[in-house]
Amino acid sequence: MAMEKTFDPQFAEPRLYQAWEQAGAFRAGANRSRDETFTIMIPPPNVTGALHVGHAFNNTLQDILIRWHRMRGFDTLWQPGQDHAGIATQLQVEKMLAAQGAPGRRELGREKFLEKVWEWKGKYGDTIIDQLKRLGASCDWSRNAFTMAGAPGDPRTGHENSPNFHDAVIRVFVNMYEKGLITRGKRLVNWDPHFETAISDLEVENREVDGHMWHFKYPLADGETYEYVERDEDGNVTLRETRDYISIATTRPETMLGDGAVAVHPDDARYAPIVGKLCEIPVGPKEFRRLIPIITDPYPDPDFGSGAVKITGAHDFNDYQVARRGHIPMYRLMDTSAHMRSDGAPYAEAAARAQEIANGADFTEAEVDTLNLVPDDLRGLDRYEARERVVRQITEEGLAVMTTDADGNAVPLVENKPIMQPFGDRSGVVIEPMLTDQWFVDTAQIVGPALEAVRSGRVKIMPESGEKVFYHWLENIEPWCISRQLWWGHQIPVWYDAEGNEYCAASEEAAREKAGGKPLTRDPDVLDTWFSSGLWPFGTLGWPQDTPEMRRYFPTDVLITGQDILFFWVARMMMMSQAVLGEDPFHTVYLHQLVRDEKGQKMSKTKGNVIDPLEIVDEFGADALRFTMAQMAAIGGVLKLSTDRIKGYRNFGTKLWNAARFAEMNGALGSDGTLPAATAPANKWIIGEVARLRESVDEALTALRFNDAANALYAFTWGKLCDWYLEFSKPLLASDDKAAETRATMAWAIDQTLTMLHPIMPFITEEIWGLAGARGNMLIHQDWPEYTTDQLLDAEADREMNWVISLIEAIRSARAQMHVPAGLKIPVILQELDEAGHSALAENEALIRRLARIESITEQAELPKGCITVAVPGGSFALPLAEIIDVDAEKARLSKALDKLAKEIRGLAGRVNNPKFVASAPAEVVAETRANLALREEEEARLREALARLEALD
RNA sequence: GGGUGAUUAGCUCAGUGGUAGAGCGCUUCGUUCACAUCGAAGAUGUCGGGAGUUCGAAUCUCUCAUCACCCA
């Protein structure tokens, strides 16, 4: 049956994928023929996720490595699964409920809401898995895992691989708690007012926005004054005035209400006279104005603003540090939705107590947290509205620093300046630093082994620059806030009694036992999603149970993931694996960049430059997309995806398809796998080229240089197999004595090409493989070749065929430049030729005549008038084209060739004649340079002769 | 401000000390029995600037410029 003219991926890909799945081709250990294992853990996509180009890239690379190892006979496992993605999923379900007009989260209550989430997960949670299948991902889906599997409320039983994932999470928490690695405390955290939860540093996106800097006067207590002096760099006085205030610049006036002090740099001479005195916060009811101390701290930058900084420990990270150093009270001003607090005692009462503290009274953190210092008229307001009111009140009172505008009017000094503002990466709202009780992992205690793993080389990060980034972050690691005020997640296994004592245990019963039977309430918070993702490499293998999979496949081998989650995930997996198991989770980390559009811009919905990988698969097929991904994957490279490129690789697939079609027409598709006994130089040559390809593909994939592997395959398939070998084969297939061996060689070469292309282009290669008739196995389980060039490369055939190619190219080039009609067969005169050339010509005359479109080759030393000269290594040929030759064009052609040669000869001769080069360069480089020079000089001599002959014509 | 990287053909990018490369695009020619999703031939480079190390530098070092990303 004749093959179709082109491969139809839309039709064939789903059929082929189904065939693989039905055959169990992806199962862990499938096609295993040796003892070594090879394991990759998929970076679990969010259960809410839809496949984007980043996933497509990331998973293509993983699939290439997996398929390659599986074919090589490793016991291979590609562990798939999904992440429960706390915030994203909770948000998604809330949105759905709202859209349905159903009762919301709070109305439902925790338990009912979680039921809805599980329901949602059951319905929509597999979207991304189906999308990964369209890419050709050969994960062992029978082992699909989930980071919330086995949590209370999980309606599924038995059909998921990791029913114990929840147990693993709880076990690790309890273990780390008992070791003192997890503690609870009041800390300043990034608070997301939309989701009303704490989030980690990594979930905060700092963006530059237009902001304002206000300047206000904090009057000194009791009307005190001081001499304020400013000097220039040389110490000359530029300003001297008597002041009864200290000037403060702030971008967040609403937080003034919670100020605990004003700080200046200890070396700042301007404020030295007033350090230790009190000043007044210029806002709030006049009769209850609070006085706060002026302190010194190294944090304020004397050159920035006025050099004096207000300290609001509960709402700014820098201030928090200053307040802790100086034992300054931290007054929380906002509630969980970032509205000004409206709880607690009236302002007058709170302010009076705060004043006692400022005057030196003892206080506790807990007491301070109960004090609501928001004036009664501002309570309950949104933080931005409160800001406006505060600014207005201060300005009306005349306590804003004034300046003059363009018209000479006095106006408040407000600088417009870009400021960096923190946003929640999920909610997009401005993050509020908030002083709250949270759970923390004391990462400083567990970071050591992870750092050591990379420093010692046990774990290799690629590209190497990733290691520096890794060190930098881990060496300066901050405590990791792991509690989230959400419902969807692993609830923290800690219970409290009425006195607030903590009981951490794997179950409520165990906790109650510890508490001696006292009534307990459970901490409502859940764990950061990344806490459970950190256990991915072993939680998916059945840990904490002692499973065969855990023993066999852990530690895993290569982790392929985006650079952006090096800290989120990679570093934490390394820390947690070491903390829990005392082992590294993998030995190699391959980091890649974000996939961008063809101009290098981030893809974003607002820019409208998003490329949907599934649309690409629809239009060009998964193989074309995969090949493009592999081809882009230079280590550390920027990833720019353009549809033109994808189209090019779709064309590559068609080229391969047509080569197979040609083979099939000639009865040369599908070999029995035995190495053909070739006698024709062309056949010997292609066998050697296949061996070269095998070596370069393996070398490239071993080094994770996917682009090198893809390019080697492309260059071989198109540039060697199709451009030359199939053309060489045509006269051979028509011959009596070489036809059989050529069919065998072609079948073998194409099978080898399909095999080696399969990890990158699994669909089209499997399809062609299957078209060749009865095979013992599918290509996905074909054994990967191991032959070497030492075994298969015939050096003589290699030299010979390269000479043949260069002769054909030289003749074609001369013909084209002389505008010889492409269809015209011309005679060729052999002018002179060395022995090797004679032999190559004799063996391959049929190929040369066909490909260079030559009518006859005759040998004669004396040339007729009007010849074009073609020089090749070892000799020269002439094309007698007196009737169509353009002498000037030929002269120009020769001159140009001579110029180029002359330049090369100059360079080579310069080196050879330099005694220092001969003395210092390696012998083989010197020899090579000499040989090269000799060749060039020989060619130059021939061309000069030819040019002289032409000039004699005139 | 700190860190990391980039700068090579018109475009997108490979290239870790030994004759500057690929794909796309461009020009000319071509319906040769696998392929027009194709074939043949061709043009295009002070390898960002400057300095240094070296027999030899796109590659190593320093410096300047521009850009990108990450963290403040």
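Worth saying up front: this structure is predicted, and the values here are computed from it rather than measured. Chain identifiers are assigned alphabetically (A, B, ...) following the order of the sequence lines, protein sequences preceding nucleic acid strands; residue numbering begins at 1 within each chain.
- The side chain of A:R705 places an N or O atom within less than 4.0 Å of a non-bridging phosphate oxygen (OP1 or OP2) of B:rG15.
- Side chain of A:D723, nearest nucleotide from B:rA14, B:rC33, B:rA40: B:rA40.
- Side-chain contact annotation: A:S813 with A:Q817, donor-acceptor N/O pair under 3.5 Å present.
- When the C1' atom is used for both B:rU32 and B:rG48, the distance is 48 Å, rounded to whole Å.
- In this structure, A:R252 pairs ionically with A:E432, as a charged nitrogen and a carboxylate oxygen lie closer than 4.0 Å.
- A salt bridge is defined here as a Lys NZ or Arg NE, NH1 or NH2 lying under 4.0 Å from an Asp or Glu carboxylate O, and A:E695 with A:R692 fails to meet this definition.
- Side-chain proximity of A:R853 to the nucleotides B:rU32, B:rA34, B:rU19 is greatest for B:rU32.
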Given A:E940 and A:K900, is the salt bridge (charged side-chain N to carboxylate O under 4.0 Å, His left out) satisfied, shown in steps? CA-CA 10 Å; A:E940 187 188 34; A:K900 202 175 156 194; over 6 Å; no
Convert the base pairs of RNA chain B into dot-bracket notation, remembering that pairs crossing earlier ones are written with [ ] and that bases paired across to another strand are shown as |; include only Watson-Crick or G-U pairs under 3.5 Å. ((((((((.[[[[.)..(..]]]].(((((.......))))).....[[[[[..)....]]]]]))))))).
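- Residue contacts for A:R815: at a heavy-atom cut-off of 4.0 Å it reaches no nucleic acid atom on any strand shown.
- Closest contact between the side chain of A:A921 and the listed nucleotides B:rA22, B:rA34, B:rG18 involves B:rG18.
- Ranking B:rA34, B:rC55, B:rA40 by closeness to the A:F917 side chain, first place goes to B:rC55.
- Looking at which nucleotide of RNA chain B each of A:C722 and A:K647 is closest to, the 5′-most match is held by A:K647.
- For A:R850, counting side-chain heavy atoms from C-beta on, the closest listed nucleotide (B:rC24, B:rG18, B:rC33) is B:rC33.
- In this structure, of B:rA41, B:rC35, B:rA14, it is B:rA14 that holds the atom nearest to the side chain of A:D708.
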List the atom pairs, with distances to 0.1 Å, where a side-chain N or O of residues 909-916 of chain A and a protein N or O form a donor-acceptor pair under 3.5 Å, not counting sequence neighbours.
| residue | atom | partner | partner atom | Å |
| --- | --- | --- | --- | --- |
| A:N913 | ND2 | A:A909 | O | 3.2 |
| A:N914 | OD1 | A:K916 | N | 2.9 |

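- Listed pair A:K655 / B:rG39 meets the phosphate criterion, a side-chain N or O lying under 4.0 Å from OP1 or OP2.
- Among the nucleotides B:rG18, B:rA36, B:rA40, the one closest to the side chain of A:R812 is B:rA40.
- Counting non-hydrogen atoms under 4.0 angstrom, A:E467 reaches nothing in the nucleic acid.
- Taking side-chain N and O atoms only, A:W657 has no distance below 4.0 Å to OP1 or OP2 of B:rC38.
- Phosphate proximity of B:rG42 to A:S813: present, with a side-chain N or O under 4.0 Å from OP1 or OP2.
- Between A:Q631 and A:W718, the one whose closest nucleotide on RNA chain B sits nearer the 5' end is A:Q631.
- For B:rA34, the base has a donor-acceptor partner in the side chain of A:E727 [N/O atoms by modelled type, under 3.5 angstrom].
- For the atom pair OG1 of A:T654 and CZ of A:F620, the computed distance is 11.0 Å after rounding to the nearest 0.5 Å.
- Annotation: B:rC26 and B:rC71 have their C1' atoms spaced 44 Å apart (nearest Å).
- Looking only at side-chain heavy atoms (C-beta outward), A:E937 and A:I905 come within less than 4.5 Å of each other.
- Comparing the C1' positions of B:rU27 and B:rA65 gives an interatomic distance of 36 Å, to the nearest angstrom.
- For A:N651 and B:rC38, the shortest distance from a side-chain N or O to OP1 or OP2 is below 4.0 Å.
- Nearest to the side chain of A:N932, among B:rC55, B:rU19, B:rA41, sits B:rU19.
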Check step by step if ring-ring contact (aromatic ring centres under 6.0 Å, His included) holds for A:F706 and A:Y590. CA-CA 11 Å; A:F706 300 94; A:Y590 178 100; 5.6 Å; yes
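- Candidate nucleotides B:rA41, B:rC55, B:rA34 were compared by shortest atom distance to the side chain of A:A816, and B:rA41 ranks first.
- Within the nucleic acid shown, A:R645 comes within 4.0 Å of at least one base atom, counting heavy atoms only.
- The side chain of A:K730 contributes an N or O atom lying less than 4.0 Å from OP1 or OP2 of B:rA34.
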